[in-house]
Q: 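Before we start, here is the structure in question, set down as structure tokens.
Quantities reported herein were computed from a predicted structural model and do not represent experimental measurements.
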Amino acid sequence: MTRTNYSSGATWEDKVGYSRAVRVGNIIEVSGTVAEDQGKVVAPGNAYEQTKFALAKIEAVLTQAGATLHDVVRTRMFVTDISRWEEYGRAHGEFFAAIKPATSMIEVSKLIDPGYLVEIEVTAVLRS
């Protein structure tokens, strides 16, 4: 099977040695995605807007890999404050209400930058 790596150009990708997304056959795995744009945290302190921004970045790389949000079968949301679950969940629902992938929302003690409130991974499976 052919493997294709997709890069967003983020400096972390080369520093850490990862790709924004990897497609092998009909499976696409998207790396943890945060609300960062050109090295700056987007919407500091706003869980809803950070979630929307991260999901839009995910949607863009899925498109680049030949998929859509309708191909997403799993999302994982790592959040720094689970008490704000409704904010994260509202943004997730705006993208996935009709799709309803399997999902997890897991509280973590912190992310790589203290300004990040959420990091999201997805798995997509293309229909044959």
Q: Just verifying a value: how many Å separate Phe96 CZ and Thr103 OG1, rounded to the nearest 0.5 Å?
A: 8.0 Å

Q: Could you walk me through whether Met105 and Val79 pass the side chain to side chain contact (heavy atoms under 4.5 Å, CB included) check?
A: CA-CA 7 Å; Met105 186 183 298; Val79 302; 4.0 Å; yes

Q: Could you grab the distance from atom CD of Gln64 to atom CZ of Arg20, nearest 0.5 Å is fine?
A: 10.5 Å

Q: Are Thr51 and Glu87 linked by a side-chain donor-acceptor pair shorter than 3.5 Å?
A: no

Q: How about Glu29 and Val24: do any of their side-chain heavy atoms sit closer than 4.5 Å?
A: no

Q: Show the atom names and distances, to 0.1 Å, of all donor-acceptor pairs under 3.5 Å that link a side chain in residues 106-122 to residues at least two apart or in another chain.
A:
from	atom 1	to	atom 2	distance (Å)
Glu107	OE2	Ile82	N	3.0
Asp113	OD1	Gly115	N	2.7
Tyr116	OH	Glu36	OE1	2.3

Q: Applying the 4.5 Å side-chain criterion to the ILVMFWY set and letting contacts propagate, would Met1 and Val125 be lumped into a single cluster?
A: no

Q: Among all residues two or more places apart in sequence or in another chain, which pass the salt bridge (charged side-chain N to carboxylate O under 4.0 Å, His left out) test with Arg127?
A: Asp71

Q: Quick one, Phe95 and Ile58 - any side-chain contact, counting heavy atoms below 4.5 Å?
A: no

Q: If you take all heavy atoms of Ser19 and Ser31, which pair is closest and at what distance?
A: O-OG, 2.6 Å

Q: Is a donor on one side and an acceptor on the other found under 3.5 Å between the side chain of Thr33 and the backbone of Ala54?
A: no

Q: Side chains of Arg23 and Thr2 only: does a donor on one sit below 3.5 Å from an acceptor on the other?
A: no

Q: Out of curiosity, Tyr88 OH to Thr80 OG1, how far, rounded to the nearest 0.5 Å?
A: 4.0 Å

Q: Taking all non-hydrogen atoms of both residues, which atom of Leu55 and which atom of His92 are closest, and how far apart?
A: CD1-CA, 3.8 Å

Q: Run Val22 and Arg3 through side chain to side chain contact (heavy atoms under 4.5 Å, CB included) and show every step you take.
A: CA-CA 7 Å; Val22 176; Arg3 174 191 171 118; 3.9 Å; yes

Q: Report the distance from atom CG of Leu69 to atom CG of Leu62, rounding to the nearest 0.5 Å.
A: 6.5 Å

Q: Would you say Val16 and Val41 are hydrophobically clustered, going by side-chain heavy atoms of ILVMFWY under 4.5 Å?
A: yes

Q: For Ser8 and Glu13, work out which heavy atoms get closest and say how close.
A: OG-OE2, 2.5 Å

Q: Just do the side chain to side chain contact (heavy atoms under 4.5 Å, CB included) check on Met77 and Trp85 with the steps written out, would you?
A: CA-CA 10 Å; Met77 295 185 287; Trp85 69 269; over 6 Å; no

Q: Decide yes or no on side chain to side chain contact (heavy atoms under 4.5 Å, CB included) for Thr123 and Arg76, but give the supporting numbers first.
A: CA-CA 9 Å; Thr123 302; Arg76 295 165 202 84; 3.4 Å; yes

Q: With clusters defined by side-chain heavy atoms of hydrophobic residues (ILVMFWY) lying less than 4.5 Å apart, directly or transitively, does Ile27 cluster with Val72?
A: no

Q: Closest heavy-atom contact between Leu126 and Gly66?
A: CD2-O, 3.5 Å

Q: Any sub-3.5 Å donor-acceptor pair from Lys57's side-chain atoms to Ala35's backbone N or O?
A: no

